[in-house]
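Everything below concerns the one structure shown next.
Each chain gets a letter, A, B and so on, in the order the sequences are listed, and its residues count up from 1.
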There are 2 protein chains.
Amino acid sequence: MARKTGSHSEITGPRVRDAALKLIAQHGFAAVSMRRIAEEVGVQAGALYNYTRDKQALLFDLMRNHMEELLAARQEAAVSGDPVARLDAFTRFHIHWHLPRGDQVFISYMELRNLTPENFAEIERLRKVYEDELEHILQDGVDAGLFHLDDTKVTTLAIIAMLTGMSTWYRAEGRLSLDRIEGLYVGMVRRLVGI
Amino acid sequence: MARKTGSHSEITGPRVRDAALKLIAQHGFAAVSMRRIAEEVGVQAGALYNYTRDKQALLFDLMRNHMEELLAARQEAAVSGDPVARLDAFTRFHIHWHLPRGDQVFISYMELRNLTPENFAEIERLRKVYEDELEHILQDGVDAGLFHLDDTKVTTLAIIAMLTGMSTWYRAEGRLSLDRIEGLYVGMVRRLVGI
DNA sequence: CATTTAACTGAACAGCCGTTCATTTGAAAA
DNA sequence: TTTTCAAATGAACGGCTGTTCAGTTAAATG
């Protein structure tokens with residue numbers, strides 16, 4: 001049975017990526033078979049190859065998509081002004097954008113080693129662009145005499161690790177509201193840069 | 001050919017764990033086969049089952065071992081005294097102990113989802129013991145009026161995420177010496193708790 | 001030297017893996 | 001109504017999976 005009701009290509013494609021995202025985040029790339037993804041979509045394994053060249057391309061697409069959406073959203077949310085305001089905005093943006101995307105964040109950190117070297121390099125390049133945004137804010141703050149920190153690069157990585165780590169324990173039904181958590185992290189990041 | 005020179009059980013056992021550690025850190029639990037581990041040891045796959053009940057037990061042993069060694073080392077290195085000294089000691093201990101154990105750290109964070117529910121619960125329990133050590137230091141510092149922070153639990157998790165994140169980018173041949181990095185993190189952790 | 005036995009082999013088991021492709025389906029175009 | 005063709009099927013490919021176990025080896029024991 002094929003093409004049961006209406007053209008499916010524009011429906012099945014996203015459904016394949018959604019299923020892959022969910023399953024890979026849950027069990028890991030190597031542990032999820034193409035047949036399992038196909039089952040989740042409600043299709044035979046062979047049909048997946050209408051939407052991806054192979055399994056590797058499916059993973060890479062998920063990760064590249066995640067990074068490109070992140071950079072696009074960041075560009076839209078970027079504020080200008082003094083470094084303190086930009087730092088606060090960065091903190092809030094990072095939390096707001098990453099928290100509802102737990103599966104993508106998880107995959108983007110966990111499955112790097114399952115990328116081919118070329119694909120890995122591309123993802124790392126995009127990640128670097130994002131890190132550089134924060135590094136520039138810190139450097140500007142230091143140059144303006146507003147921030148007091150010992151090493152811009154290390155502080156950049158420390159802040160991103162601290163912020164991203166939240167994804168591992170945050171639960172919507174937890175003790176603290178998202179707004180409250182956001183406020184806590186804004187405070188911690190400020191202290192970290194010596195404000 | 002069996003038992004070529006001397007009794008092997010006390011040699012092969014650790015070699016199996018070493019090979020599993022290295023390969024799982026490199027490729028992920030699901031992506032590494034028992035035959036691949038056996039090949040690394042220089043043995044047939046069947047021989048591995050003299051040293052582990054099954055593949056799951058092999059992973060669990062690696063992770064439990066990691067956590068128990070961490071807690072034992074921590075107990076030995078624990079200092080008493082004022083909260084500031086204890087906090088500095090915790091920071092230095094965490095970095096010193098984790099940095100040379102990149103593979104174990106990686107596995108302990110990445111492969112949690114490949115544990116059975118019972119095994120997962122046990123690892124989480126051990127991790128909680130470690131986190132509680134830091135939380136107590138922070139609470140004591142707050143009670144003594146030395147630390148100024150908004151939420152002890154969130155700050156605990158933030159510090160651990162920040163410290164552990166270093167494992168993802170630290171390279172021995174990098175720009176900064178281990179001592180220098182340690183100093184930077186001691187400073188950042190201090191700032192984070194409002195010293 | 002003869003015996004014991006820890007350590008390991010190598011084959012076998014049923015089942016799953018990613019990927020390809022000739023074939024079938026049925027909605028849309030003519 | 002007939003034709004077209006995007007979309008999906010289902011079988012097949014060689015190869016790998018975790019695990020078991022009867023049989024083999026050789027070091028240690030008596």
Open item on the list: I need the CD1-C1' distance between A:I37 and C:dC17, as an integer number of Å.
Closed with: 12 Å

- [ ] Choose from D:dT19, D:dG10, C:dA7 the nucleotide whose nearest atom is closest to any side-chain atom of B:M34.
- [x] D:dT19

Task: N or O in side chain of B:T12 less than 4.0 angstrom from C:dA7 OP1/OP2 - done: no

- [ ] Choose from D:dA8, C:dC8, D:dT19 the nucleotide whose nearest atom is closest to any side-chain atom of B:Y51.
- [x] C:dC8

Open item on the list: Is the shortest side-chain heavy-atom distance between B:L58 and B:I37 below 4.5 Å?
Closed with: yes

Task: Donor + acceptor pair across side chains of B:T152, B:Q139 (<3.5 Å) - done: yes

Task: A:Q104 side chain near A:L21 side chain, heavy-atom distance below 4.5 Å - done: yes

Task: Residues in contact with DNA chain C, drawn from residues 15-23 of chain B - heavy-atom cutoff 4.0 Å - done: none

Task: Ring-face cation of A:R74 near A:F90 (centre distance under 6.0 Å, axis angle within 45°) - done: no

Open item on the list: With a 3.5 Å distance limit and no angle check, can you tell me whether B:R15 reaches the backbone of B:V41 through a side-chain donor-acceptor pair?
Closed with: yes

Open item on the list: I need the OH-C1' distance between A:Y49 and C:dT23, as an integer number of Å.
Closed with: 19 Å

Open item on the list: By nearest atom, which of the nucleotides D:dT19, C:dA7, C:dT19 is closest to the A:K55 side chain?
Closed with: C:dT19

When you compare the protein's N or O atoms with those of nucleotides 11-16 of chain C, which come within less than 3.5 Å of each other, and at what distance?
from: C:dA12; atom 1: N6; to: B:R35; atom 2: NH2; distance (Å): 3.3

Task: Sidechain-backbone polar pair: A:E40 side chain, A:L23 backbone, donor-acceptor under 3.5 Å - done: no

- [ ] Could you tell me the separation between the CG atom of B:L48 and the P atom of D:dT19, rounded to a whole number of Å?
- [x] 10 Å

Task: Enclosure of A:R53 CZ (heavy-atom neighbours >12, cutoff 6.0 Å) - done: no

- [ ] Tell me what A:V32 touches on the nucleic acid: a base, only sugar-phosphate, or nothing, going by heavy atoms under 4.0 Å.
- [x] sugar-phosphate

Open item on the list: In this structure, is the centre-to-centre distance between the rings of B:H66 and B:Y109 below 6.0 Å?
Closed with: no

Open item on the list: Let me confirm one number: the CG-CE distance from B:L112 to A:M110, rounded to the nearest 0.5 Å.
Closed with: 7.0 Å

